[in-house]
Amino acid sequence: MKYAAAIAVGTLALAAHAGEREAELIRLVRQDCGSCHGMTLKGGLGLPLTPEALGDKPADSLVSTVMNGRPGTAMPPWKTIISEQDAEWIVKRLLEGFPEEK
Ligand code: HEC
């Protein structure tokens, strides 16, 4: 029982840490990406980033667009401020319907 409780506490601590990074990424997408893709991500200068718009595009190519940008368009590369893992997390959430900022 004691052992199980220790695992539960450890998992909670990890989840809290991941939660902080996730909150940062949600803010980044809503604010920075939103400045081009629209505050509701339904498009503006940039294309819409809704599940409907992205659904049939391969996730790896979307991750690569986020990391490297699209040369010749306004879409900038983000790899200097986010990791590949962050970009994968963002694309996965975009495909599901991006969470609101808390
Ligand atoms: C300065 C404006 C700008 C900002 C800021 C920006 N984008 Fe973009 N983005 C664009 C434009 C313009 C395109 C369309 C490029 C094209 O014509 O292929 C695009 C395309 C994309 C695509 C590909 C969409 C598709 O249907 O293929 C994704 C995914 C994307 N952006 C994600 C992001 C994310 C995530 C962020 C924030 C981390 C971000 N963008 C920030 C302008 C921007």
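Note that ligands are numbered from 1 as they come in the structure, with each ligand's atoms numbered from 1 the same way. Keep in mind it's a predicted model, so treat the numbers as computed, not measured.
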Kindly compute the distance separating [atom1] ([X]) from [atom2] ([Y]), expressed to the nearest 0.5 Å.
X   : Y   : atom1 : atom2 : answer
L62 : L95 : CG    : CG    : 6.0 Å
E24 : L28 : CD    : CG    : 9.5 Å
L54 : L47 : CG    : CG    : 8.5 Å
D86 : I81 : CG    : CD1   : 9.5 Å
I90 : W78 : CD1   : CH2   : 9.0 Å

Contact with ligand 1 for V29, non-hydrogen, under 4.0 angstrom: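 No, V29 has no heavy atoms under 4.0 Å from ligand 1.
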Whether P76 lies under 4.0 Å from ligand 1, heavy atom: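 Judged by the 4.0 Å heavy-atom criterion, P76 does count as contacting ligand 1.
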Shortest protein contact, [atom] (heavy atom only):
atom                    : answer
atom 38 (C) of ligand 1 : C33 SG, 2.6 Å
atom 8 (Fe) of ligand 1 : H37 NE2, 2.0 Å
atom 18 (O) of ligand 1 : R70 NH1, 2.6 Å

Side chain to side chain, F98 and R30, heavy atoms closer than 4.5 Å: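 F98 reaches R30 side chain to side chain.
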Heavy-atom side-chain proximity of Q31 to E101 below 4.5 angstrom: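 The answer is yes; the side chains approach within 4.5 Å.
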Output the list of atoms in ligand 1 that are nearer than 4.0 Å to some heavy atom of [X], sorted by atom number.
X   : answer
D32 : 5 (C)
W78 : 5 (C), 36 (C), 37 (C), 38 (C), 39 (C), 41 (C)
T73 : 15 (C), 16 (C), 17 (O)
G46 : 10 (C), 11 (C), 12 (C)
L45 : 12 (C)

Other residues, nucleotides, ligands: >12 heavy atoms within 6.0 Å of Q85 CD: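 Incorrect, the count does not exceed 12.
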Selected option - heavy-atom contact closest to atom 24 (C) of ligand 1, from I82, L47, D56: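 Looking at heavy atoms only, the winner is L47.
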Nearest neighbour of atom 28 (C) of ligand 1 from the list L49, D86, V91, on a heavy-atom basis: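 Checking each option, the heavy atom nearest atom 28 (C) of ligand 1 is found in L49.
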Ligand 1 N/O within reach of T65 N/O, cut-off under 3.5 Å: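 There is no such contact.
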Test of proximity, K57 against ligand 1: N or O pairs below 3.5 Å: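 So ligand 1 has an N or O lying under 3.5 Å from an N or O of K57.
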NZ/NE/NH1/NH2 to OD/OE distance under 4.0 Å, E96 and R93: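 A salt bridge is present here (some side-chain N lies under 4.0 Å from a carboxylate O).
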Presence of N, O or S from C36 under 2.8 Å of atom 8 (Fe) of ligand 1: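 Not a single backbone or side-chain N, O or S atom of C36 is under 2.8 Å from atom 8 (Fe) of ligand 1.
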Backbone or side-chain N/O/S of M75 under 2.8 Å of atom 8 (Fe) of ligand 1: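 A backbone or side-chain N, O or S atom of M75 is under 2.8 Å from atom 8 (Fe) of ligand 1.
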side-chain contact (heavy atoms from CB on, under 4.5 Å) evaluation trace for V29 with L49: CA-CA 10 Å; V29 172; L49 299 180; 5.5 Å; no
